[in-house]
**Student:** 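Following this message is one structure expressed as structure tokens.
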Amino acid sequence: MRTVKIAPDVFEIPPSEKKGMHVPARILASDALLAGMDEGVFRQITNVACLPGIVEHALCMPDGHWGYGFPIGGVAAFDLDRGVISPGGIGFDINCGMRLLRTNLTEQDVRPRLDALMTRLFERVPSGVGIKGFVRLDRDRFVEAVCGGARWCVDHGYGRLEDLELLEEGGCIPGAEPSALSDRALTRGKEQLGTLGSGNHYLEVQVVHPHNVYDESTARKLGFDRDHQIAVMLHCGSRGFGHQVGTDYLKIFQSAMKRYGIETHDRELACAPFKSPEGQQYFGAMVAAANSAFANRQVITHQIRAAFADVFGVDDRELGLEVVYDVAHNIAKIEEYEVEGRRRKLLVHRKGATRSFGPARSDIPDRYRDIGQPVIVGGSMETGSFLLVGSDETKIQTFGSTLHGSGRTMSRVAAKKRIRGDELQRDMARRGIIVKSASMRGLAEEAGFAYKNISEVVDVVERLGISRKVIRFEPIGNVKG
DNA sequence: ATGTTC
């Protein structure tokens, strides 16, 4: 496929390259990252460019790789009247996202008790496939929770009131539609609040070394104010509930598409007109699943605080453990952008892509109004993660979006062939990183060598000006699903 | 990602 470099770190595949493309497909990457991208990324992002009502261009972030229907790292904006909503553009794990906590502790405070802390975190935060949480709700109460999101959690004793203003959307998106949820989705979801899940979902204890602070003044505004400070990063989503919502609507959409006369290059791109009854029902169900993920991260935050309090023998507030931010990277949202000189409301799909709004916007927390929206980028458990801030440049280039992680380069199967989980665990322990995992096989799949170099990926978004580096975190402890 | 095949 002809891929034209139209600017530094910007590649475009013109509509002439595939029948049915309404707009160009754009991949944001360095020459080296582009060369390393699988053929699936090119095929999938050009398929996305064929979807009805897509506006301007289909985008793929530098951490992009092959996914279900859309590439992971895909961003696409649709006209609300003529466009579609597609579960493949959001991901099975609806509102998979990141939360970051700061602490008053330093590495020196934590090292002597790190093993006890990781053990306690592993006990307090259930992880693994199919695991149930400490919060078990009946159906009606679970429906309340997915309508109320993180706010419901705080009202029921999980977390602090002041957490809420530091979450994207305050941790609760309006418009959850209980009637759009299947029995099976509710049954799967109701006992999973406060659980980590599996795969690349994790909870990590990290250190901010002074040489990893790129902008001291912005770091301070984000709560990072001392040398070798400890942070806690969390990556998880909506568990079986969101997965079931995705499964339910893929099936509904596959038959609805025939009625609406929509054809796609790929069955995995099942979609429905956004304004159709089916499209609106999925949107209402997706909002409920997104809220369940905010609630999940809120309950886990409560459990993290309890684990720290157990180990340090003081009230969790004395240790800090304040929320820095919480942001989704698998979601569709209605946002306004200027397109061809006209302000338009669009349905922005982000699938493995993070919102990255600039300063002075009303939809980011007051305290970050002068620095921009925090963007939390999780790396592999061996190599470190980043805190960035967003920029107004995303309004022009990326429908308010940036990357979400480092991106895999090796399949799970290939990673398992190269190393055993227990070997990796010992190896990491020798390097001062304690890992607790529900599955040794799962651990091997997450080895650092299976991921792209996170610095290389983050440098692309910084050069493009869509996000700016503030801090790099290095892991010292990890709880893995 | 996922009660990893209703």
Side-chain angles (χ1 to χ4, degrees), chain A residues 40 44 63-74 86-99 126-133 136-137 139 142 181-203 234-252 254-255 267-268 270 285-286 288-290 292-294 296-297 300 328-332 349-354 378 380-381 404-408 410-416 421 437-446 450-451 479-481:
Chain A
Q44 292 189 321
D63 52 334
H65 53 112
W66 173 84
Y68 183 94
F70 279 55
I72 293 157
S86 176
I90 292 160
F92 275 92
D93 190 9
I94 296 164
N95 190 3
C96 185
M98 306 294 300
R99 185 181 287 210
S127 60
V129 178
I131 207 79
K132 290 177 179 175
R136 309 237 170 133
L137 304 175
R139 255 181 87 107
F142 183 64
L181 303 168
S182 69
D183 285 345
R184 191 177 288 180
L186 293 170
T187 303
R188 286 180 72 175
K190 68 190 171 66
E191 293 180 325
Q192 290 188 326
L193 273 189
T195 63
L196 206 48
S198 65
N200 70 348
H201 286 166
Y202 62 83
L203 178 178
L234 175 59
H235 177 219
C236 65
S238 51
R239 309 284 285 102
F241 179 56
H243 192 273
Q244 191 61 46
V245 167
T247 305
D248 291 341
Y249 281 90
L250 278 168
K251 195 170 170 210
I252 292 169
Q254 261 150 14
S255 60
R267 270 176 62 85
E268 294 182 352
M286 184 213 70
S292 84
F294 285 130
N296 195 22
R297 294 194 286 272
I300 292 175
H329 52 231
N330 277 9
I331 200 160
H349 290 60
R350 297 194 181 99
K351 196 254 192 94
T354 314
S380 84
M381 62 186 177
H404 86 302
S406 51
R408 290 193 82 88
M410 192 183 280
S411 75
R412 293 184 173 278
V413 175
K416 270 184 291 201
S437 179
S439 154
M440 277 304 144
R441 246 184 281 175
L443 187 63
E445 293 175 358
E446 295 301 322
Y451 283 88
V479 175
K480 183 140 235 27

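By convention in this document, chain letters (A, B, ...) are assigned in the order of the sequence lines, proteins followed by strands, and residues within each chain are numbered from 1.
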**Student:** For A:Glu445, which contact category applies under a 4.0 Å heavy-atom criterion: base, sugar-phosphate, or nothing?
**Tutor:**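 If one applies the 4.0 Å heavy-atom cut-off, A:Glu445 turns out to touch nothing in the nucleic acid.
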**Student:** Does the side chain of A:Ser198 get closer than 4.0 angstrom to OP1 or OP2 of B:dT2 through an N or O atom?
**Tutor:**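 Yes, because at least one side-chain N or O of A:Ser198 sits under 4.0 Å from OP1 or OP2 of B:dT2.
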**Student:** Measure from NE2 on A:His201 to C1' on B:dT4 and round the result to the nearest Å.
**Tutor:**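 For the pair A:His201 NE2 and B:dT4 C1', the rounded distance is 14 Å.
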**Student:** Quickly work out the A:Arg412 CZ to B:dT2 P distance and round it to whole Å.
**Tutor:**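 Distance check: A:Arg412 CZ to B:dT2 P gives 10 Å.
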**Student:** Sequence neighbours excluded, which residues qualify as salt bridge (charged side-chain N to carboxylate O under 4.0 Å, His left out) partners of A:Lys251?
**Tutor:**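 Applying salt bridge (charged side-chain N to carboxylate O under 4.0 Å, His left out) to A:Lys251 gives none.
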**Student:** A:His243 has an atom NE2; how far is it from atom C1' of B:dT5, in whole Å?
**Tutor:**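 Spelled out: NE2 on A:His243 to C1' on B:dT5 is 12 Å.
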**Student:** Starting at CD of A:Gln244 and ending at P of B:dC6, how long is that distance when rounded to a whole Å?
**Tutor:**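 So the two atoms are 9 Å apart, to the nearest Å.
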**Student:** Across the strands shown, which category fits A:Gly199 at heavy-atom distances under 4.0 angstrom: base, sugar-phosphate, nothing?
**Tutor:**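 If one applies the 4.0 Å heavy-atom cut-off, A:Gly199 turns out to touch the sugar-phosphate alone, with no base involved.
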**Student:** From CZ of A:Phe92 over to P of B:dT2, roughly how many Å is that when rounded to an integer?
**Tutor:**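 Whole-Å distance recorded here is 12 Å.
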**Student:** Using a 4.0 Å heavy-atom cut-off, does A:Arg184 contact any base of the nucleic acid, only the sugar-phosphate backbone, or nothing at all?
**Tutor:**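 Base: the residue A:Arg184, judged by heavy atoms under 4.0 Å, touches a nucleobase.
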**Student:** Mind calculating the distance between CG (A:Asn95) and P (B:dT2) to the nearest angstrom?
**Tutor:**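 Atom CG in A:Asn95 sits about 13 Å away from atom P in B:dT2.
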**Student:** Base, sugar-phosphate alone, or nothing: which one does A:Arg441 contact when heavy atoms must sit under 4.0 Å apart?
**Tutor:**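 Nothing: the residue A:Arg441, judged by heavy atoms under 4.0 Å, touches no strand.
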**Student:** How many Å lie between CD1 on A:Ile131 and P on B:dT2, as a whole number?
**Tutor:**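 Rounding to the nearest Å, CD1 of A:Ile131 and P of B:dT2 are 12 Å apart.
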**Student:** A:Ile252 has an atom CD1; how far is it from atom C1' of B:dC6, in whole Å?
**Tutor:**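 Result: 15 Å.
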**Student:** Please identify each residue that fulfils side chain to side chain contact (heavy atoms under 4.5 Å, CB included) with A:Ala270, with sequence neighbours left out.
**Tutor:**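 Side chain to side chain contact (heavy atoms under 4.5 Å, CB included) list for A:Ala270, sorted by chain: A:Leu250, A:Phe253, A:Gln254, A:Met257.
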**Student:** Are there over 12 heavy-atom neighbours, none belonging to A:Arg136, within less than 6.0 Å of that residue's CZ?
**Tutor:**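 More than 12 heavy atoms, drawn from other residues, nucleotides or ligands, come within 6.0 Å of this atom.
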**Student:** Taking the six-membered ring for Trp, are the ring centroids of A:His404 and A:His235 within less than 6.0 Å of each other?
**Tutor:**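 For A:His404 and A:His235, the ring centres are not under 6.0 Å apart.
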